[in-house]
Amino acid sequence: MPRPSTSPLPSNKAWPEAASLGKKLLSWYRAHKRDLPWRRTKDPYAILVSEAMLQQTRVEVVIPYFERWMERFPDVATLAAAPEDEVLAAFSGLGYYRRARNLKKAAAHIIENHDGVVPRTLKELRALPGVGEYTAGAVASIAFDLPEPAVDGNVRRVLSRIRRIEVDPASRAGASVVRESAHTLLESGHPRDLNQALMELGARVCTPTGSRCGGCPVAAECAAFDVGDVDRFPVKTITSRKRVRMIAQVATIQMNGSVLLVHRQVGQCDGVLEGMWEAPFHLIDPQDNPSDRLLGMVKEWTGQELEMGEMIGSAKHSITYRDVEIRVFSATLKGKPARKLEGKSWVWTPVSSLGTGSPTSSLTKKAVRVATRLKGAGRGSSRRLGTRG
DNA sequence: AACCCGGGGCC
DNA sequence: GGCCCAGGGTT
């Protein structure tokens, strides 16, 4: 494919060592690849599930979630027919819960438009909810062995270093340069293993910091290693959003070993953890005075007055760019919650099964852990907990 | 291009 | 405390 003359890289024919690079990557990968659950199958559905879970999430974290998921939703039809709450619950603690909703939507789409069979073309894959450029390429190559680039953070870093790409791969221009390089590399064949080899190298050898070039199978082919400035790549020009400090006031309302969770309706709750079942909480700026919004919230959901107790402990948490200090308050309802208003659902959930039935985030899990640890440990340890954070 | 979405582990 | 992770969607 012709390349614009303004490109910071020479044309692909000026990368004659691509084929030899591919060969070395392949033999290294085949000798050193980790035994991961999704590498034991070629089921396109399983590959799709793994790729969705792996978005912005480390391999080691995904493994148990993937295995539980495949047991509970073994195929497209099962997933398409499953209640959304169960699908979300399977992501409880994993984060980016939209991925779970999109997987279910994708399953419905596949039933509707492809007779329940995961499509093979890039275009059809891209049409699935939650499947972007990377995931489409990953499924096409890993499941179907098609020569499509799958450029994730690892591949961006590895190729930036090997070719000393001076453009930020996070920018549009840089992304296209990396993608072209990946495409050239795939011309040497074996896209399924080659794409995974690039990712595996980035995850295990060519790491963001402390890269182990001594153990790298392609150090001899790496331009940055040759020059000795590996750590300069990938170049970074785009700064991430500044993190902000926030406080979450959480009401833990307990009864008979259960906690009261409310359903966070879309557009009603600070824009985070929408659709999840959480202990009533709201986010406030550290400079603001604590408001009584929590009381109104619970009243609105359950029809009962809330009596806030003492702050019984705290924990740290993060939600995207927010660093949250969780402040846990014990609380009681003045009467029995009876109302079931439209879009204002609440539920008593056993502490022991948090996140397994109703989908619940790590924030609520942490808050409940603080509340129950205190209860079980007695007054002696409450001082210790209270001084944390 | 910027901003949003969770959560955790590592330096 | 910053960075980054087998990113995608929306604006």
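Residue numbers start from 1 in every chain, and the chains themselves are labelled A, B, ... in the order their sequence lines are given, proteins ahead of strands. From a predicted model like this one, the values you see are computed outputs, not experimental measurements.
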Undergrad: Can a side chain N or O of R245(A) be found less than 4.0 Å away from OP1 or OP2 on dG1(C)?
TA: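 Looking at the OP1 and OP2 atoms of dG1(C), one of them is under 4.0 Å from a side-chain N or O of R245(A).
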Undergrad: So what does G210(A) touch, heavy atoms closer than 4.0 Å: a base, only the sugar-phosphate, or nothing?
TA: nothing
Undergrad: For dA6(C) and S50(A) - does any side-chain N or O of the residue sit under 4.0 Å from the phosphate oxygens OP1/OP2?
TA: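 For dA6(C), neither OP1 nor OP2 has a side-chain N or O of S50(A) closer than 4.0 Å.
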Undergrad: Measure CG/L194(A) against P/dA6(C) and give the value in whole Å, please.
TA: 17 Å
Undergrad: Consider the side chain of S318(A), meaning its heavy atoms from C-beta on, and name the nucleotide among dC3(C), dA6(C), dG7(B) that approaches it most closely.
TA: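 Shortest atom-to-atom distance from the side chain points to dG7(B).
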Undergrad: Under 4.0 Å between any heavy atoms, over every strand shown, what does E274(A) touch: base, sugar-phosphate, or nothing? Just pick one.
TA: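 The residue E274(A) makes no contact with any strand.
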Undergrad: According to a strict under-4.0 Å criterion, is Y97(A) in side-chain N/O contact with OP1 or OP2 of dG7(B)?
TA: yes
Undergrad: Roughly how far, to the nearest 0.5 Å, is the CG atom of D226(A) from the CD1 atom of I162(A)?
TA: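 If we round to the nearest 0.5 Å, I162(A):CD1 and D226(A):CG are 12.5 Å apart.
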Undergrad: Nearest of dG8(B), dA6(C), dC5(B) to any side-chain atom of Y321(A)?
TA: dC5(B)
Undergrad: If you go through the side-chain atoms of T57(A), does one of them form a donor-acceptor pair with the base of dG6(B) closer than 3.5 Å?
TA: yes
Undergrad: V272(A) has a side chain; which of dC5(B), dC11(B), dA6(C) sits nearest to it?
TA: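 Nearest to the side-chain atoms of V272(A), counting from C-beta on, is dC5(B).
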Undergrad: Between V61(A) and R98(A), which residue's closest nucleotide on DNA chain B lies nearer the 5′ terminus?
TA: R98(A)
Undergrad: Does N102(A) or L54(A) map to a spot on DNA chain C nearer the 5' end, using the closest nucleotide for each?
TA: L54(A)
Undergrad: So what does I142(A) touch, heavy atoms closer than 4.0 Å: a base, only the sugar-phosphate, or nothing?
TA: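 It contacts nothing in the nucleic acid.
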Undergrad: Roughly, in whole Å, what's the span from CG in D168(A) to C1' in dC4(C)?
TA: 14 Å
Undergrad: The side chain of R126(A) lies closest to which of these nucleotides: dC3(C), dG7(B), dG9(C)?
TA: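 Selected nucleotide (nearest to the side chain): dG9(C).
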Undergrad: If you measure from the P atom in dC11(B) to the same atom in dA6(C), how many Å do you get, rounded?
TA: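 Each nucleotide's P atom is 14 Å from the other's.
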Undergrad: Rounded to the nearest angstrom, tell me the gap between atom NZ in K105(A) and atom P in dG8(C).
TA: 15 Å
Undergrad: Supply the atom-to-atom distance S141(A) OG to Q196(A) CD, rounded to the nearest 0.5 angstrom.
TA: 7.0 Å
Undergrad: Please work out if L198(A) contacts a base, only the sugar-phosphate, or nothing of the nucleic acid, heavy-atom cut-off 4.0 Å.
TA: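 The residue L198(A) makes no contact with any strand.
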Undergrad: Should R327(A) and E325(A) count as an ion pair when the cut-off is N to O under 4.0 Å?
TA: yes
Undergrad: Is S362(A) close enough to dG8(B) that one of its side-chain N or O atoms is under 4.0 Å from OP1 or OP2 there?
TA: yes
Undergrad: Verify whether one side chain among W348(A) and N256(A) offers a donor that lies under 3.5 Å from an acceptor in the other.
TA: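 Side chains of W348(A) and N256(A): no pair found under 3.5 Å.
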Undergrad: Would you call E200(A) and R39(A) a salt bridge, taking side-chain N to carboxylate O under 4.0 Å as the test?
TA: yes
Undergrad: Would you indicate, yes or no, if dG8(B) has its OP1 or OP2 atom less than 4.0 angstrom from a side-chain nitrogen or oxygen of K366(A)?
TA: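 True: K366(A) side-chain N/O within range (under 4.0 Å) of dG8(B) OP1/OP2.
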Undergrad: Strictly below 4.0 Å: does Q56(A) bring a side-chain N or O up to OP1 or OP2 of dC5(C)?
TA: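 Q56(A) to dC5(C) OP1/OP2: no side-chain N or O under 4.0 Å.
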Undergrad: CZ of R39(A) versus C1' of dA6(C): gap in Å, rounded?
TA: 9 Å
Undergrad: May I ask you to verify if any side-chain N or O of R157(A) is less than 4.0 angstrom from the OP1 or OP2 atom of dC4(C)?
TA: no
Undergrad: Base, sugar-phosphate, or nothing: which does V131(A) touch, judged by heavy atoms less than 4.0 Å apart?
TA: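 Counting heavy atoms under 4.0 Å across all strands, the contact made by V131(A) is with sugar-phosphate only.
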Undergrad: Looking at D323(A) and R245(A), does any basic side-chain N land under 4.0 Å from a carboxylate oxygen?
TA: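 Salt bridge absent between D323(A) and R245(A).
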Undergrad: Any side-chain N or O of H317(A) less than 4.0 Å from the OP1 or OP2 oxygen of dG6(B)?
TA: no
Undergrad: Would one find more than 12 heavy atoms of other residues, nucleotides or ligands at under 6.0 Å from atom CD of E310(A)?
TA: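 Open: at most 12 neighbouring heavy atoms sit under 6.0 Å from CD of E310(A).
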Undergrad: How long is the line joining NZ of K242(A) and P of dG2(C), in whole Å?
TA: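 Value for this atom pair: 9 Å.
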Undergrad: Can you tell me which nucleotide in dG6(B), dC5(C), dG8(C) comes closest to the side chain of P208(A)?
TA: dC5(C)
Undergrad: Counting any heavy atom closer than 4.0 Å, what does G93(A) reach on the DNA or RNA strands: base, sugar-phosphate only, or nothing?
TA: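 It contacts sugar-phosphate atoms only.
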Undergrad: Which nucleotide, dG7(B), dA6(C), dC11(B), lies nearest any side-chain atom of T209(A)?
TA: dC11(B)
Undergrad: Would you say a side-chain N or O of R241(A) is under 4.0 Å from OP1 or OP2 of dA2(B)?
TA: no
Undergrad: Rounded off to whole Å, could you give me the CD1-to-C1' distance for the I47(A) and dG7(C) pair?
TA: 17 Å
Undergrad: Need to verify one output field. Residue with the more 5' nearest nucleotide on DNA chain B, M276(A) or R172(A)?
TA: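 Residue closer to the 5' terminus by nearest nucleotide: R172(A).
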Undergrad: About how many Å separate CZ of R98(A) and CZ of F91(A), when rounded to the nearest 0.5 Å?
TA: 12.0 Å
Undergrad: Nearest whole Å is fine: how far is dC11(B) P from R58(A) CZ?
TA: 10 Å
Undergrad: Distance check needed: dG6(B) P versus R243(A) CZ, whole Å only.
TA: 13 Å
Undergrad: Do any side-chain nitrogens or oxygens of R322(A) fall under 4.0 Å of OP1 or OP2 in dC5(B)?
TA: yes
